[in-house]
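Structure first, commentary second.
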Amino acid sequence: MKDLEVIRRGTVEILTKDELKKCLRKKRPLRVKFGADPTVPDIHLGHTVVLQKLRQFQDLGHKIIFVIGDFTARIGDPSGRIETRKPLSRKEVLKNARTYQDQVFKILDRKKTQIVFNSVWLDKLTSSDIFNLASKYTVARMLERDDFSLRYRKEHPISIHEFLYPLIQGYDSIVLKADIEIGGTDQKFNMLVGRVLQREYGQKPQVVITIPLLEGTDGIRKMSKTYDNYIGISEPPKEIFGKIMSISDKLMLRYWELVTNISPAELARIKRNLKSGRLHPKEAKKNLAIRIVKMYHSRKAAKEAAEEFEEVFKEKKLPHRIPKVKVSKKKIWVVKLLTISKMAKSSSEARRLIQQGAVTLDGERIIDPEKELTIREGTILKVGKRRFIRIVGK
RNA sequence: GGGCGGAUACCCAAGUGGUUAACGGGGGCAGACUGUAAAUCUGCUGGCGAUGCCUUCGGAGGUUCGAAUCCUUCUCCGCCCA
């Protein structure tokens with residue numbers, strides 16, 4: 001069973017493997033469900049882990065059902081307790097969904113993907129449908145979920161509607177007659193609820209496959225927009241490259257494993273060479289960065305990003321493209337310059353940056369926050385290690 | 001319905017009349033070290049042309065020379081018992 005081996009690679013759990021085997025023996029393409037809330041439009045590397053697994057399914061001839069949770073997005077996310085995420089309007093959701101799709105198809109095969117919006121069937125549910133659904137599961141079982149039980153024990157609030165989420169998600173599986181559902185490990189509980197509900201509604205329970213969650217650039221928390229530790233696949237090559245280079249060596253291996261599609265043998269080789277010292281970690285990281293930029297941009301973009309990186313940070317040259325800021329005056333107070341060029345949010349912050357030695361003008365460090373600068377055409381203002389601005393006159 | 005507790009800066013969280021622009025931690029930013037690594041160390045982390053001034057502790061009002069701290073009132077939230 002070669003297919004099984006491909007599917008198994010890089011997963012955390014398959015519930016259950018026997019069921020999966022049986023599924024694969026069927027002579028029809030399997031219906032593989034994956035759900036995403038279009039609350040944020042941008043796809044980051046964390047999402048790509050699961051997307052690549054979906055792609056593998058497509059390559060094996062199966063069908064992906066990509067559920068856009070527009071219904072759930074409009075109601076609000078259960079996990080953000082303190083500030084209930086503000087519900088998105090229909091328009092916003094659609095807009096997000098569209099950009100989402102554009103990005104998703106950088107990885108998925110459009111022809112083998114069916115995109116569905118769950119509001120199509122969820123909007124039609126009547127109260128009695130919902131009551132009926134709710135009767136299929138118990139409070140005790142709900143409290144088995146990690147974060148619920150933790151919150152309950154800590155006497156933190158849990159809203160009733162939060163209990164409804166796993167049920168709704170499970171209901172999606174019923175409507176879609178999912179054979180398999182794939183999600184991050186954080187989705188395990190919800191996906192398992194789907195199994196129970198499918199059985200209640202006379203269906204064969206879906207096989208649940210969990211995928212590891214990718215740590216963000218901080219190396220600790222999962223990659224997420226809310227933690228601002230993400231690398232978006234639509235970011236400029238230079239940004240992606242720079243962000244990859246700043247992750248820790250340990251995390252780098254994780255990215256090699258989960259973000260790229262290298263074979264286990266290749267991964268093992270990299271690990272070996274790193275250990276023996278034949279491969280410098282920085283080189284390995286550079287290769288990784290090139291590879292990832294190539295995946296979402298182009299070979300050329302990757303090469304350029306790598307070259308520029310070396311130039312700017314190793315040879316201390318200037319970046320190729322530097323944003324320009326117009327300054328009409330010849331003489332200007334440093335603090336003013338920093339604030340009008342948006343390099344500092346406030347003049348207090350500008351003063352701080354200056355005092356900390358973060359500001360240089362044409363390579364000369366400015367330490368006096370009272371300094372009046374004489375501006376020449378094309379003067380380069382640098383703040384911190386990586387923020388550059390070219391000053392131009394009228 | 002009854003009882004108790006809470007709302008402080010980006011987040012968590014101390015402070016219960018006076019060196020308090022507000023302890024501490026996280027996060028973030030900057031500097032040093034480096035491989036723009038990571039880890040570590042140090043500093044900063046309300047605003048203002050600024051050795052001073054202004055504004056902040058859920059909202060509004062009040063007491064006081066002086067309030068995040070006391071009083072009144074409003075709003076919101078949580079837990080427990082029924």
Side-chain angles (χ1 to χ4, degrees), chain A residues 79-85 143 148-160 162 215-231 237-256 273-274 277-290 292-293 305-320 329 331-340 342-360 365-373 381-388:
Chain A
S79 56
R81 183 189 71 79
I82 289 171
E83 44 186 308
T84 7
R85 214 173 270 183
L143 287 173
F148 282 155
S149 64
L150 187 75
R151 280 158 63 186
Y152 192 66
R153 260 182 287 134
K154 285 177 111 178
E155 304 193 330
H156 286 319
I158 302 170
S159 304
I160 303 291
E162 297 187 59
E215 293 83 358
T217 49
D218 56 13
I220 300 164
R221 294 175 296 186
K222 71 166 182 177
M223 186 174 282
S224 153
K225 193 154 189 171
T226 36
Y227 299 144
D228 196 27
N229 62 358
Y230 70 100
I231 304 175
K238 201 172 116 184
E239 282 297 312
I240 296 180
F241 201 96
K243 284 186 182 181
I244 296 285
M245 289 309 283
S246 70
I247 63 174
S248 73
D249 292 351
K250 197 177 151 213
L251 193 61
M252 159 176 78
L253 284 170
R254 187 96 172 130
Y255 279 34
W256 268 114
N273 288 342
L274 280 172
R278 196 172 340 162
L279 180 62
H280 191 282
K282 194 198 164 195
E283 279 307 302
K285 207 182 285 174
K286 212 169 89 187
N287 295 340
L288 174 70
I290 288 172
I292 292 172
V293 173
E307 280 168 7
E308 179 167 347
F309 182 83
E310 287 294 316
E311 283 175 20
V312 175
F313 295 108
K314 201 170 169 187
E315 300 163 33
K316 302 283 176 214
K317 286 190 193 162
L318 296 172
H320 296 171
K329 281 187 267 185
K331 291 205 106 187
I332 188 164
W333 178 37
V334 220
V335 171
K336 201 85 201 162
L337 180 64
L338 286 173
T339 50
I340 63 167
K342 302 259 167 58
M343 298 294 260
K345 278 199 281 294
S346 63
S347 65
S348 300
E349 186 180 283
R351 279 166 189 271
R352 267 179 240 130
L353 287 167
I354 295 162
Q355 275 155 4
Q356 288 173 141
V359 178
T360 62
R365 181 161 292 184
I366 313 277
I367 316 161
D368 177 15
E370 303 304 329
K371 184 148 180 154
E372 295 283 337
L373 302 173
L381 174 71
K382 184 181 178 191
V383 178
K385 281 189 183 109
R386 43 181 298 184
R387 293 155 70 207
F388 296 86

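Lettering of chains follows the sequences in order, A, B, ..., and the numbering in each one begins at 1. Every heavy atom of this structure was used, including side-chain atoms; hydrogens, water molecules and symmetry mates were not. Computed from a predicted model, the values in this text were never measured in an experiment.
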What integer number of Å spans the [atom1] atoms of [N] and [M]?
N	M	atom1	result
B:A68	B:G46	C1'	15 Å
B:G2	B:U56	C1'	38 Å
B:A30	B:U19	P	34 Å
B:G6	B:U69	C1'	16 Å
B:G15	B:G49	C1'	35 Å
B:G61	B:C57	P	12 Å
B:C23	B:G58	C1'	22 Å
B:C74	B:A67	P	24 Å

Shortest non-hydrogen separation from [X] to [Y] and the atoms involved:
X	Y	result
A:V334	A:P369	CG2-O, 4.1 Å
A:A350	A:T339	CB-CG2, 4.4 Å
A:V335	A:S347	CG1-CB, 3.4 Å

Now, which nucleotide makes the Watson-Crick or G-U wobble pair with [N], with each of the two distances under 3.5 Å?
N	value
B:G5	B:C77
B:U69	none
B:C10	B:G26
B:U55	none
B:C33	none
B:G17	none

(message) Regarding A:K336 and A:E372, does a basic nitrogen lie under 4.0 Å from an acidic carboxylate oxygen?
(response) no
(request) State plainly whether the residues A:K238 and A:E311 are in salt-bridge range, i.e. N to O under 4.0 Å. (result) no
[atom1] of [X] versus [atom2] of [N]: gap in Å, rounded?
X	N	atom1	atom2	answer
A:M343	B:C29	CE	P	14 Å
A:L288	B:G35	CG	C1'	15 Å
A:R221	B:C11	CZ	P	14 Å
A:E283	B:G35	CD	P	13 Å
A:I340	B:G49	CD1	P	13 Å
A:K345	B:C10	NZ	C1'	10 Å
A:Q355	B:C44	CD	C1'	10 Å
A:L338	B:G49	CG	C1'	14 Å

(message) Holding to side chain to side chain contact (heavy atoms under 4.5 Å, CB included), I want the full list of residues that pass it with A:D228, two or more places apart in sequence or in another chain.
(response) A:Y230
What's [X] touching, base or sugar-phosphate or nothing? Going by heavy atoms closer than 4.0 Å.
X	answer
A:G242	base
A:K250	nothing
A:E372	base
A:P281	base

Protein-nucleotides 50-55 of chain B N/O pairs closer than 3.5 Å?
| unit_1 | atom_1 | unit_2 | atom_2 | d |
| --- | --- | --- | --- | --- |
| B:A50 | N6 | A:S347 | OG | 2.7 |
| B:A50 | N6 | A:R351 | NE | 3.4 |
| B:A50 | N1 | A:R351 | NE | 2.7 |

(request) Check whether the side chain of A:D228 and the base of B:G28 form a donor-acceptor pair under 3.5 Å. (result) no
(request) Check whether any side-chain heavy atom of A:L338 sits under 4.5 Å from a side-chain heavy atom of A:L381, and report yes or no. (result) yes
(request) Give a yes or no on whether the backbone of A:K285 and the side-chain of A:W256 come within a donor-acceptor separation of less than 3.5 Å. (result) no
Restricting both atoms to N or O, compile the protein contacts to nucleotides 30-33 of chain B shorter than 3.5 Å, with distance only.
| unit_1 | atom_1 | unit_2 | atom_2 | d |
| --- | --- | --- | --- | --- |
| B:A30 | O2' | A:Q356 | O | 3.2 |

(message) With nearest nucleotide decided by heavy atoms, which residue, A:I220 or A:K371, maps closer to the 5′ end of RNA chain B?
(response) A:I220
(request) Give a yes/no on whether any side-chain N or O of A:S246 is located under 4.0 angstrom from OP1 or OP2 of B:A38. (result) no
